[in-house]
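Shown next, in structure tokens, is the structure this report addresses.
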Amino acid sequence: MKKLKTVAMAALLLPFIACGGNSQQNLPATENVQDSTDNQVIETIMARRSIRQYKPQPVGRDTMQIILNCGINAPNGQNKQSWAIRVVDNPEYINGITEIYKKKNPKVADDSSFKNMFRNAPTVVFIASDKSYGMSQIDCGLLGENMVLSAWSMGIGSCCLGSPVRFMQTEPEAADYLKRLNIPDGYELLYCIAFGYPDEAPAAKPRDPAKIMFVE
Ligand SMILES: Cc1cc2nc3c(=O)[nH]c(=O)nc-3n(C[C@H](O)[C@H](O)[C@H](O)COP(=O)(O)O)c2cc1C
């Protein structure tokens with residue numbers, strides 16, 4: 001099993017090594033790959049997938065608190081912590097707004113696996129950015145990635161979501177749910193992240209290593 005993991009990790013990391021990732025250290029490529037396989041952070045990053053099917057069991061609040069603490073320990077501009085975070089694990093909220101969503105998008109109910117508009121997750125973290133600070137959206141993105149990765153490292157899946165937030169901002173019937181988030185003045189809802197225990201194991205989506213270029 002360990003050997004299989006090592007081979008899989010080597011395959012994932014090979015394009016980066018081939019692009020000169022080890023040129024400064026002047027080490028044989030295999031040595032770097034071996035080091036990476038023992039690195040749990042890299043393993044978590046490379047194994048994470050967006051999850052859209054979840055087991056019904058909610059994520060306990062103590063566990064969510066660990067994930068949230070990881071989030072707020074992300075790097076952020078001038079340590080302004082220019083985010084507002086709202087956690088919803090109340091089925092009444094999630095199912096209530098989903099009913100409105102279903103009314104406006106009746107076709108979603110044709111999918112027998114559809115449970116709710118947050119990709120079927122039992123817990124949703126809403127993230128709002130400070131409109132007065134130009135770097136706030138970056139802060140909010142880094143906050144989210146820390147949460148997504150710490151969650152995955154504990155066996156909890158997630159999916160970053162833009163479309164439910166757009167729905168909440170544009171659909172008048174959803175206004176009460178937006179109001180319940182109590183987003184502070186001067187902030188705007190940017191995206192949300194669905195969390196839960198995975199009930200699927202999606203394949204990795206391809207990435208384009210040609211997007212990376214070392215500039216000499
Ligand atoms: C800002 C942002 C918005 C996203 N919005 C949605 C969404 O509305 N619905 C959805 O199913 N996935 C959404 N995703 C998830 C992406 O589709 C997913 O991350 C991407 O396809 C790569 O797959 P992976 O996360 O499994 O590597 C979003 C991701 C990000 C970062």
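Position 1 is the first residue of the sequence, and the numbers go up from there. One-based numbering, in listed order, for ligands and for the atoms of each.
- For Glu171, the salt bridge (charged side-chain N to carboxylate O under 4.0 Å, His left out) test picks out Lys104, with sequence neighbours left out.
- Under the 4.0 Å criterion applied to side-chain N and carboxylate O atoms, Asp89 and Arg61 are assigned as salt-bridge partners.
- There is no protein heavy atom closer than 4.0 angstrom to atom 1 (C) of ligand 1.
- Ring to ring, Tyr93 and Tyr177 are close: their centroids are under 6.0 angstrom apart.
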Salt bridge (Lys or Arg N to Asp or Glu O under 4.0 Å) assessment of Arg180 paired with Glu92: CA-CA 12 Å; Arg180 277 172 71 179; Glu92 178 269 321; 3.0 Å; yes

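- Among Ala194, Cys160, Gly162, Pro206, the residue whose heavy atom sits closest to atom 28 (C) of ligand 1 is Cys160.
- Contact annotation for Gln137 and ligand 1: no heavy atom of the residue comes within less than 4.0 Å of the ligand.
- Of the candidates Ile193, Leu161, Leu190, it is Leu161 that places a heavy atom closest to atom 9 (N) of ligand 1.
- With a 4.0 Å heavy-atom cut-off, ligand 1 is reached by the side chain of Cys159 but not by its N, CA, C or O.
- Taking each of Arg207, Arg166, Arg49 in turn, the one with a heavy atom nearest to atom 27 (O) of ligand 1 proves to be Arg207.
- Between atom 16 (C) of ligand 1 and the options Arg119, Lys205, Arg48, Arg52, the minimum heavy-atom separation is to Arg52.
- Scanning all protein heavy atoms for the shortest distance to atom 25 (O) of ligand 1 gives Ser50 OG, 2.6 Å.
- A donor-acceptor pair shorter than 3.5 Å cannot be found between the side chains of Asp139 and Gln137.
- Side-chain atoms of Ser129 and Glu188 form no donor-acceptor pair, as typed in the model, at a separation below 3.5 Å.
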